[in-house]
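Computed over heavy atoms, backbone and side chain alike; hydrogens, waters and symmetry mates excluded. Note that ligands are numbered from 1 as they come in the structure, with each ligand's atoms numbered from 1 the same way.
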Amino acid sequence: MITIKSEREIELMRKAGMLVSLTHKYLKPYIKEGITTKELDRLAEDYIVENGGFPTCKGYEGYPCALCTSVNDTVVHGIPDDYKLKNGDIITIDMVIGYKGYQGDAAWTYKVGSIDSEKEYLMKHTELALYEGIKMVKPGNRIGDISYAVEKYAKEHNLGIVRELCGHGIGANMHEAPDVPNFGKKGTGPRLKEGMIICIEPMLTYGSEDIYILDDEWTVKTLDKSPAAHYEHTVLVTKDGYEILTPRLD
Ligand code: MF3
Ligand code: CO
């Protein structure tokens, strides 16, 4: 069942989303050569807790950390560890934060120092693919309209779509109905209604679409070792369009 949020719930979702945005902004200056992903995770968890939030990923189905830190050929769910970021890396920081029982979820990919033109291209067009999807959000449109728009943009830009993972509804739980795939047909799937809240999150690669999962059972990597990017926003369906609840503050 896809829930419709009340005014009160929407207000709490806005606060959860804003805390996600603020945490991203807080982390950005630390994303430099030499810092470990574990240090980023510690900074994030402390900041989240100091600001009245809850790091929802930590403990979720046994996941050990507040952040997912996915470097280069890691698509999603990279576990923070002792890896030191180096010049030329890209890293996706993905986080879910609970605030008074409601969740916000956003990911974006950052560059470390100066990166090659392929990674620049991948980052730019993965973020734009997300906005192509978001533009389809309004009452009466369907989930398939979002999926189709993301797929069309990714294909036009020759980027691979990781199909095994998708966006989702969100509310008191980080994953709620409906699924929001990054490929699909226009005019299909559930209809959007005012008060629904969904996460749209294209995961695109500069190469093949094939992935594998490490023995840690979380880390998702591209099979051909090509770099991957991932951008995600939590989005409210409004009366005549959408509101991004996790705005970029940088
Ligand atoms: N943002 C991720 C998602 O949309 C968070 C899940 S990571 C987990 O699914 F560790 F919490 F599972
Ligand atoms: Co998500």
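Screening Ile10, Val237, Leu236, Thr234 for a side-chain contact (heavy atoms from CB on, under 4.5 Å) with Glu243, the sole residue that qualifies is Leu236.
Using modelled atom types, one side-chain atom of His24 and one backbone atom of Ala106 make a donor-acceptor pair closer than 3.5 Å. Looking at Asn51, its side chain never comes within 3.5 Å of a backbone N or O of Gly53 through a donor-acceptor pair. Not a single donor-acceptor pair under 3.5 Å links the side chain of Asn141 to the backbone N or O of Lys138.
Scanning all protein heavy atoms for the shortest distance to atom 7 (S) of ligand 1 gives Cys68 SG, 3.6 Å. The shortest contact between atom 10 (F) of ligand 1 and any protein heavy atom is with Tyr63 CG, 3.1 Å. With hydrogens left out, the protein atom closest to atom 5 (C) of ligand 1 is Val96 CG2, 3.8 Å, a heavy atom.
Ligand 1 places these atoms under 4.0 Å from at least one heavy atom of Met174: 11 (F). Taking every non-hydrogen atom of His168 and a distance limit under 4.0 Å, the qualifying atoms of ligand 1 come out as 3 (C), 4 (O). Those atoms of ligand 1 that come under 4.0 Å of a heavy atom in Asp105, given as number and element, are 1 (N), 3 (C), 4 (O).
In this structure, Cys199 does not count as a contact residue of ligand 1, since none of its heavy atoms falls inside 4.0 Å of the ligand.
On a distance-only criterion, Glu201 and ligand 1 share at least one N/O pair closer than 3.5 Å. By the 3.5 Å distance cut-off applied to N or O atoms, His77 is not counted among the residues near ligand 1. Checked by distance only, ligand 1 and His175 come closer than 3.5 Å through their nitrogen or oxygen atoms.
Looking only at side-chain heavy atoms (C-beta outward), Leu159 and Tyr153 stay at 4.5 Å or farther from each other.
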Check against salt bridge (Lys or Arg N to Asp or Glu O under 4.0 Å), Lys225 and Asp73: CA-CA 5 Å; Lys225 300 202 165 11; Asp73 63 328; 5.1 Å; no
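Side chains of His157 and Tyr121: a donor-acceptor N/O pair is absent below 3.5 angstrom, by distance only.
Here Glu120 does not pair with Lys124 in a salt bridge; the nearest charged N to carboxylate O distance is not below 4.0 Å.
Considering Asp94, Thr56, Leu67 only, the shortest heavy-atom separation from atom 2 (C) of ligand 1 involves Asp94.
The minimum distance between the Co ion (ligand 2) and any N, O or S atom of Asp105 involves atom OD2. No other N/O/S atom of Glu201 lies as close to the Co ion (ligand 2) as OE2 does. Restricting Glu232 to its N, O or S atoms, the one at the least distance from the Co ion (ligand 2) is OE2.
Put simply, Trp218 and Leu67 are part of two different groups of oily side chains (I, L, V, M, F, W, Y) that touch within less than 4.5 Å, one to the next.
The Co ion (ligand 2) has no N, O or S atom of His175 under 2.8 Å away, backbone or side chain.
Counting non-hydrogen atoms of neighbouring residues, nucleotides and ligands closer than 6.0 angstrom, the CD atom of Glu33 exceeds 12 such neighbours.
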